[in-house]
Trainee: 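Before anything else, here's the structure in question.
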Amino acid sequence: MRPLTLDSFYKKEEPERSGEVEKPPGIEVERVEGYRESRRSIEDRRPSNLGSSIVLSVDYDGAEGCAYVKLYSLEDSRVYFWYDNTGHKPYCLTDMSIDEVKRIPEIASHKGLEGFEEVKLYDAVNDEEKVMTKIIAKDPLSIGGKPSGSIRDILQPRVWEANIKYHDCYMYDTGIIPCMPYRIVDGRLVPVEVDLTREAIGFIDSLKDVDEEERRLIERWLKRLEYPVPKMKHLVLDIEVSSPYPSRIPDPRRAEYPIVAVALVDSEGSKRILLLEKHDKPREDFRMEGVSVEFYKDEKLLLEEVFKAIDSYPVVVSFNGDDFDLRYLFHRAERLGFQKSDIPVTLSRDSASVRYGIHLDLYKFFFNRSIQVYAFKSRYYENTLEGVASALLGVGKITIDKPISDLSYRELAEYCLRDAELTYGLLSYEGWLTFNLMVVLSRVTGTILEDLCRQGVSGWIRNMLEREHRARGWLIPRREDLLKFKGGATTKAVIEGKKYRGGHVIKPEPGVHFQIAVLDFQSMYPSAMQRYNLSYETVRCSHEECRSNIIPGTAHWVCRRRKGVTSLLIGSLKDIRVRWYKSKAKDKSLPQSLRDWYSTVSESLKVLINASYGVFGAENFAFYCPPVAEATAAIGRYAIEETIKEARRLGLHVIYGDTDSLFIEKPDPDRVAKLIQWVRSNLLMDIDVDKVYRYTVFSMRKKNYIGVYEDGSVDVKGLTGKKRNTPEFLKTAFAEMTKLLGQVTNDREFEDVKRRIKDLVRKYYMKLKKKELTLEELAFKIMLGKPIEAYKKTTPQHLKAALLLKSIGKEVDVGDIISYVKVTGKIGVKPIELASLDEIDVAKYVDHLRTTFQPILEALDIDFNEAIGLSQLDFYGFSFA
DNA sequence: GCGGACTGCTTACCT
DNA sequence: ACAGGTAAGCAGTCCGCG
């Protein structure tokens with residue numbers, strides 16, 4: 001490997017000691033009382049010396065023509081700015097020589113051109129050094145972003161690294177890491193050295209099996225993650241707008257209606273509610289416990305007060321402020337005649353930022369799929385404040401049954417305040433879990449918080465990889481080159497339309513099986529990437545000699561000469577997660593707050609590690625490379641298939657498996673130990689007993705089973721009876737059944753429980769027949785997955801119900817859960833608001849009762865018709881009732 | 001022009 | 001905009017039927 005450097009801008013500073021090193025990580029650093037700073041000019045915020053401060057953000061200042069850093073001082077809790085004085089400028093690269101570029105007239109005469117420089121970079125795709133020309137510009141827009149005439153457009157297609165946002169480019173080159181401590185010393189921005197504890201150093205030394213390169217990475221991660229998250233002052237903001245149309249959200253771009261209430265809730269315990277006093281509605285005298293209720297006669301004054309607040313906090317938080325609150329505030333202020341310079345909000349196409357601090361929009365972060373699934377374990381699924389808050393905090397919005405303009409001042413105040421409190425709750429609950437998650441992800445991937453809460457995992461991982469490329473002096477590959485050199489997939493997917501074959505699912509052995517051990521591969525895909533050296537530059541590398549190093553089940557090979565950068569990054573993150581953070585989180589000798597921090601780090605790393613495979617198969621990922629994703633999945637299949645073969649050789653009875661798990665019946669401990677050892681030495685992966693079931697119930701369906709633990713608790717996987725769209729009465733019935741199953745400890749007890757299950761099914765059948773159920777219990781609740789107009793091919797039932805709702809004037813939106821029941825008649829469905837019990841289509845519901853229980857009844861050898869007490873004659877439509 | 005077989009769409013789940 | 005694999009229900013279409 002040729003370590004080439006791109007260090008023309010990188011001026012390394014001697015790190016300084018912070019003097020606050022032995023503090024335990026994850027705990028607040030300090031707390032400053034009495035916070036209500038007066039407004040300060042920009043000049044007051046540009047000190048030439050500043051003590052330890054946290055990098056909040058990096059941005060480009062058009063007027064100054066350079067990058068600047070927003071810093072949060074740990075000494076006085078204020079925000080300060082540091083403007084670049086290293087002379088760093090925006091640039092892109094081309095493979096043309098300087099002379100060649102100079103001969104392009106549009107470049108030579110370009111107004112934004114600053115100059116040229118020759119650089120040597122390592123091209124990882126071709127494993128060779130490349131001489132490139134750096135085209136330096138006066139400002140980021142000259143590189144790209146103008147509708148026409150940008151340097152990158154002129155150089156097309158011979159241009160590299162031209163789509164990187166300038167603030168990212170600046171951070172990559174200077175090595176600035178967001179959310180880490182820096183200080184200003186005589187005008188220079190200097191990182192504060194983070195010292196590791198003796199224990200952490202000991203941990204690194206104890207890593208005997210990792211090479212020097214990974215050891216350095218692990219040290220890097222530890223330094224970023226052992227440094228505490230300082231307590232910062234947060235302001236949560238929520239606004240209400242009076243609109244004459246009840247269920248329609250006012251258009252923030254037009255901002256036609258007055259802002260009648262603003263709630264400001266902060267991390268220092270202050271709660272304010274600012275109300276607009278209407279001339280036709282006298283103010284009410286009321287108190288709210290612990291809340292400052294303020295009336296304003298003039299909307300302009302109210303906004304000024306809000307702007308003052310926005311200006312005085314380092315972190316401003318909203319729920320959907322990008323698209324609504326801040327956007328509305330901005331346009332409303334404009335409409336009321338504010339000067340632009342007096343509005344502390346800047347809007348871009350899909351975000352809103354604030355002048356001095358940073359603005360975090362929790363809506364986007366909570367709606368991020370990875371965060372939803374891995375960090376919050378799918379505990380919420382609706383993308384609304386109501387949905388997320390009631391699931392995570394157990395408190396929902398205040399329900400109002402009239403338009404905002406009809407509320408009394410008190411009702412309005414309570415309603416608005418609640419929203420802000422819920423948002424604050426989401427940010428701070430469980431020891432500031434949400435904010436800490438963001439900080440960890442920000443530090444590891446080098447993404448500023450403002451971007452982090454708005455981007456998806458592919459953006460975060462892109463940032464991490466691009467930064468690593470710059471640090472190593474590597475050329476960042478272009479998507480189209482990656483695709484051209486690496487090509488597409490070589491396996492055929494099971495699902496039509498997918499790009500390559502994924503995980504392998506083993507057909508289950510139907511029936512009841514006692515004593516089941518579930519063996520799981522530990523992080524199968526990340527391990528595959530780590531152990532098999534998978535990375536975009538190593539899979540299908542350019543060396544002839546590596547072509548024989550075939551990845552089983554594919555036509556791909558992997559490099560023997562170089563260590564893959566992705567393999568290394570993911571591998572090191574996986575190793576510190578498992579060997580440090582996970583075990584620290586479980587360490588009972590540590591104080592709870594510290595364990596919480598370790599577990600937050602562990603969960604954050606999990607998000608990144610788990611997503612690292614998927615992104616390579618995602619078309620929008622900057623390093624999109626299907627062979628990498630395909631090779632990962634192929635190694636996974638190879639691993640599980642070989643493990644099953646070995647298990648069988650050892651005489652173990654495998655009854656089911658899915659992607660990275662194996663279900664083994666009546667396992668002999670010695671043989672299991674042998675299998676685990678075999679996997680370790682032959683596949684270089686870890687597998688262990690993840691859980692043990694007293695028994696499992698399988699039908700012939702994959703991804704559907706019940707597992708009963710030794711203590712009687714029950715896992716239900718995939719079955720209709722636990723899906724969230726299934727009517728409540730079916731879920732209740734199913735839950736009753738699983739409770740019965742939890743009591744069974746052996747074969748004999750099954751006979752009794754089978755009888756009771758039959759009774760149970762019959763009970764619910766009779767309830768249906770007699771219509772002893774409410775509409776609410778009968779409702780299917782299905783999410784509207786796209787806007788109504790987007791359903792072009794079919795009209796599914798939940799859409800029919802939604803259309804009926806719309807026809808009675810109810811607003812229906814993407815993401816709404818539509819509750820409907822099945823009724824007799826042509827359309828067949830009605831939203832519960834419009835239906836009545838006597839039109840329920842009982843036969844349809846009996847069908848659902850049947851299919852809900854079918855998989856289990858099948859396994860227990862119970863006949864549904866017999867269970868509900870139908871004779872054969874009844875079944876064929878005769879009845880003697 | 002009717003009805004069953006089939007395909008494709010949609011949602012929610014598993015790993 | 002991280003991936004692929006599976007189940008279930010329904011909508012809509014195809015195709016055979018003299």
Side-chain angles (χ1 to χ4, degrees), chain A residues 364 367-374 378 381 454-462 489 491-508 518 520-521 523-526 529 570 607-626 628-634 636-637 640 656-663 690 699-705 707 715-726 780-786 790-800 815 817-818 822 827-829 844 847-848 850-852 854-855:
Chain A
K364 291 200 173 127
F367 201 37
N368 178 317
R369 272 291 284 169
S370 297
I371 292 299
Q372 201 172 337
V373 175
Y374 296 115
S378 297
Y381 50 92
R454 293 171 175 88
Q455 291 175 358
V457 272
S458 64
W460 307 341
I461 296 177
R462 175 203 62 215
T491 56
K492 193 180 174 303
V494 173
I495 306 170
E496 202 170 339
K498 298 286 186 186
K499 287 165 289 208
Y500 59 89
R501 182 173 287 251
H504 181 51
V505 190
I506 294 132
K507 229 186 253 157
V518 183
D520 257 29
F521 279 85
S523 322
M524 177 186 252
Y525 287 174
M529 298 180 84
I570 300 308
V607 172
L608 285 181
I609 293 162
N610 283 338
S612 61
Y613 139 79
V615 290
F616 282 99
E619 269 145 79
N620 295 304
F621 182 48
F623 294 83
Y624 174 53
C625 188
V628 172
E630 184 180 29
T632 311
R637 287 195 305 276
I640 194 137
Y656 177 65
D658 184 350
T659 310
D660 61 355
S661 66
L662 286 180
F663 288 55
D690 191 45
S699 66
M700 74 270 258
R701 295 160 187 80
K702 295 169 172 178
K703 297 182 190 284
N704 277 264
Y705 62 87
D715 271 347
V716 179
K717 297 289 182 184
L719 293 156
T720 306
K722 86 148 205 188
K723 291 196 172 173
R724 64 166 183 264
N725 56 4
T726 299
F780 290 85
K781 295 177 185 175
I782 297 185
M783 188 188 283
L784 204 58
K786 43 189 183 181
Y791 291 88
K792 296 233 161 71
K793 322 235 168 174
T794 57
T795 315
Q797 296 198 319
H798 65 296
L799 178 60
K800 286 182 180 164
I817 308 279
I818 311 294
K822 301 200 177 183
I827 301 180
V829 293
K844 275 268 188 315
D847 282 345
H848 282 284
R850 186 199 317 273
T851 51
T852 303
Q854 191 59 38

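So you know, we letter chains A, B, ... as the sequences are listed, proteins then strands, and number each from 1.
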Trainee: Once you round it to whole Å, what is the distance between P of C/dT6 and NZ of A/Lys507?
Mentor: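 Rounded to the whole Å, the gap is 11 Å.
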Trainee: Would you find a donor on one side and an acceptor on the other, under 3.5 Å apart, between the side chain of A/Arg501 and the backbone of A/Val494?
Mentor: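 Flag not set: sc A/Arg501 to bb A/Val494 has no pair under 3.5 Å.
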Trainee: Categorize A/Ala629 for me: base, sugar-phosphate, or nothing, with a 4.0 angstrom heavy-atom threshold over every strand shown.
Mentor: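 No contact.
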Trainee: Under 4.0 Å, counting only non-hydrogen atoms across every strand here, what does A/His798 touch: a base, just sugar-phosphate, or nothing?
Mentor: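 It contacts sugar-phosphate atoms only.
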Trainee: Below the 4.0 Å mark, does C/dC10 have OP1 or OP2 next to a side-chain nitrogen or oxygen of A/Lys844?
Mentor: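 For A/Lys844, the contact criterion (side-chain N or O under 4.0 Å from OP1 or OP2 of C/dC10) is not met.
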Trainee: Check the distance between C/dC2's P and A/Trp460's CH2 and give it to me in whole angstrom.
Mentor: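 Those two atoms, CH2 and P, are 9 Å apart.
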Trainee: A/Lys800 has a side chain; which of C/dA3, B/dT15, C/dA11 sits nearest to it?
Mentor: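 For the A/Lys800 side chain, the nearest candidate turns out to be C/dA11.
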Trainee: With a non-hydrogen cut-off below 4.0 angstrom, is A/Ile495 in contact with a base, only sugar-phosphate, or nothing?
Mentor: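 Base, at least one base heavy atom under 4.0 Å.
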Trainee: Can a donor-acceptor pair be found, under 3.5 Å and without considering hydrogens, that links the side chain of A/Tyr374 to the backbone of A/Arg369?
Mentor: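 Here the side-chain-to-backbone pair does not exist.
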Trainee: Assign A/Gly614 to base, sugar-phosphate, or nothing according to its heavy-atom contacts below 4.0 angstrom with the strands shown.
Mentor: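 It contacts base atoms.
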Trainee: Students often get this wrong, so: under 4.0 angstrom with heavy atoms, is A/Lys822 touching a base, only sugar-phosphate, or nothing?
Mentor: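 The answer is sugar-phosphate, as A/Lys822 gets under 4.0 Å only of primed atoms, P, OP1 or OP2.
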Trainee: If you check every side-chain atom of A/Asp658, which of B/dT15, C/dG5, B/dC13 has the closest atom?
Mentor: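 That would be B/dT15.
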Trainee: Whole-Å distance between B/dT10 P and A/Asn725 CG?
Mentor: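 Interatomic distance, CG of A/Asn725 to P of B/dT10: 16 Å.
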Trainee: Look at A/Thr795 and C/dG12 and indicate whether a side-chain polar atom (N or O) is within less than 4.0 Å of OP1 or OP2.
Mentor: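 So the side chain of A/Thr795 is within the cut-off, an N or O lying under 4.0 Å from OP1 or OP2 of C/dG12.
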Trainee: Can you tell me if A/Lys703 touches the phosphate of B/dC14, counting only side-chain N or O atoms and a distance under 4.0 Å to OP1 or OP2?
Mentor: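 Looking at the OP1 and OP2 atoms of B/dC14, neither is under 4.0 Å from any side-chain N or O of A/Lys703.
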Trainee: Over all strands shown, is A/Ser370 touching base, sugar-phosphate only, or nothing at heavy-atom distances under 4.0 angstrom?
Mentor: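 Touches a base.
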Trainee: When you get a sec, tell me which of B/dT15, C/dA7, C/dC2 is the closest nucleotide to the side chain of A/Tyr705?
Mentor: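 Minimum distance to the A/Tyr705 side chain belongs to B/dT15.
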Trainee: For a quick check of understanding: with a heavy-atom distance under 4.0 Å over all strands, which category does A/Arg369 fall into, base, sugar-phosphate or nothing?
Mentor: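 No contact.
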Trainee: Take atom CG of A/Leu662 and atom P of B/dC14, then tell me their distance rounded to the nearest Å.
Mentor: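 Between P of B/dC14 and CG of A/Leu662: 19 Å.
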Trainee: Closer than 4.0 Å, any side-chain N/O of A/Arg501 to the OP1 or OP2 of C/dG5?
Mentor: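 No, A/Arg501 has no side-chain N/O under 4.0 Å of OP1/OP2 on C/dG5.
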Trainee: Within a 6.0 Å radius of atom NZ on A/Lys499, are there more than 12 heavy atoms belonging to other residues, nucleotides or ligands?
Mentor: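 Count over threshold, so yes.
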Trainee: A/Glu496 or A/Asp660: which one's nearest nucleotide on DNA chain B is closer to the 5' end?
Mentor: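 Final value for this comparison: A/Glu496.
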Trainee: Check every strand shown and say whether A/Tyr525 touches a base, only sugar-phosphate, or nothing at a heavy-atom separation below 4.0 Å.
Mentor: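 If one applies the 4.0 Å heavy-atom cut-off, A/Tyr525 turns out to touch nothing in the nucleic acid.
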Trainee: May I ask you to decide whether A/Lys703 forms a salt bridge with A/Asp658, counting only side-chain N to carboxylate O separations under 4.0 Å?
Mentor: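 Yes.
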Trainee: What is the distance from CD of A/Gln372 to C1' of B/dA12, rounded to the nearest Å?
Mentor: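 Rounding to the nearest Å, CD of A/Gln372 and C1' of B/dA12 are 13 Å apart.
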Trainee: For A/Thr794 and for A/Ile817, locate the closest nucleotide of DNA chain B by heavy-atom distance; then report the residue assigned to the nucleotide nearer the 5' terminus.
Mentor: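 Counting from the 5' end, the first nearest nucleotide belongs to A/Thr794.
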Trainee: Using a 4.0 Å heavy-atom cut-off, does A/Thr851 contact any base of the nucleic acid, only the sugar-phosphate backbone, or nothing at all?
Mentor: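 Here A/Thr851 touches the backbone only, sparing every base.
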Trainee: Hey, are A/Lys844 and A/Asp847 close enough for a salt bridge, meaning a charged N less than 4.0 Å from a carboxylate O?
Mentor: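 Judged by the 4.0 Å cut-off on N to carboxylate O distance, A/Lys844 and A/Asp847 do not form a salt bridge.
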Trainee: Ignoring backbone atoms, test whether A/Arg701 places a side-chain nitrogen or oxygen under 4.0 Å from the OP1 or OP2 oxygen of C/dA7.
Mentor: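 Answer is no, no contact under 4.0 Å.
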Trainee: Please state how far atom NZ in A/Lys792 lies from atom C1' in C/dG12, giving the value in whole angstrom units.
Mentor: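 Computing the A/Lys792:NZ to C/dG12:C1' distance gives 18 Å.
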Trainee: With a 4.0 Å cut-off on heavy atoms, is A/Met783 in touch with a base, just the backbone sugar-phosphate, or nothing at all?
Mentor: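 The answer is sugar-phosphate, as A/Met783 gets under 4.0 Å only of primed atoms, P, OP1 or OP2.
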Trainee: To the nearest Å, how far apart are A/Tyr791 OH and B/dT10 P?
Mentor: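 Roughly 7 Å, once rounded to whole Å.
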Trainee: Just N and O in the side chain of A/Ser612: are any of them under 4.0 Å from OP1 or OP2 of C/dC2?
Mentor: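 A/Ser612 to C/dC2 OP1/OP2: no side-chain N or O under 4.0 Å.
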Trainee: Report yes if the side chains of A/Ser370 and A/Val457 come closer than 4.5 Å at any heavy-atom pair, otherwise no.
Mentor: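 Of all side-chain heavy-atom pairs linking A/Val457 with A/Ser370, at least one is under 4.5 Å.
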Trainee: C/dA3, C/dA7, C/dC10: which one has an atom nearest the side-chain heavy atoms of A/Tyr500?
Mentor: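 Selected nucleotide: C/dA3.
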Trainee: B/dC13, OP1 or OP2 - any side-chain N/O from A/Lys723 closer than 4.0 Å?
Mentor: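 For B/dC13, neither OP1 nor OP2 has a side-chain N or O of A/Lys723 closer than 4.0 Å.
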Trainee: Can you tell me the distance, in whole Å, between the CE atom of A/Met529 and the C1' atom of C/dC2?
Mentor: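 Checked: the CE to C1' distance equals 11 Å.
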Trainee: Could you say whether A/Ser458 or A/Ala493 is positioned toward the 5' end of DNA chain C, judged by the nucleotide with the nearest heavy atom to each?
Mentor: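 Taking each residue's closest nucleotide, the earlier one in sequence belongs to A/Ser458.
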Trainee: Compare the minimum distances between each of C/dC2, B/dC9, C/dT6 and the side chain of A/Lys793, then state the nucleotide with the smallest one.
Mentor: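 Looking only at side-chain atoms, A/Lys793 lies closest to B/dC9.
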Trainee: Is the number of heavy atoms from other residues, nucleotides or ligands within 6.0 Å of CZ (A/Phe367) greater than 12?
Mentor: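 Check fails, neighbour count at 12 or below.
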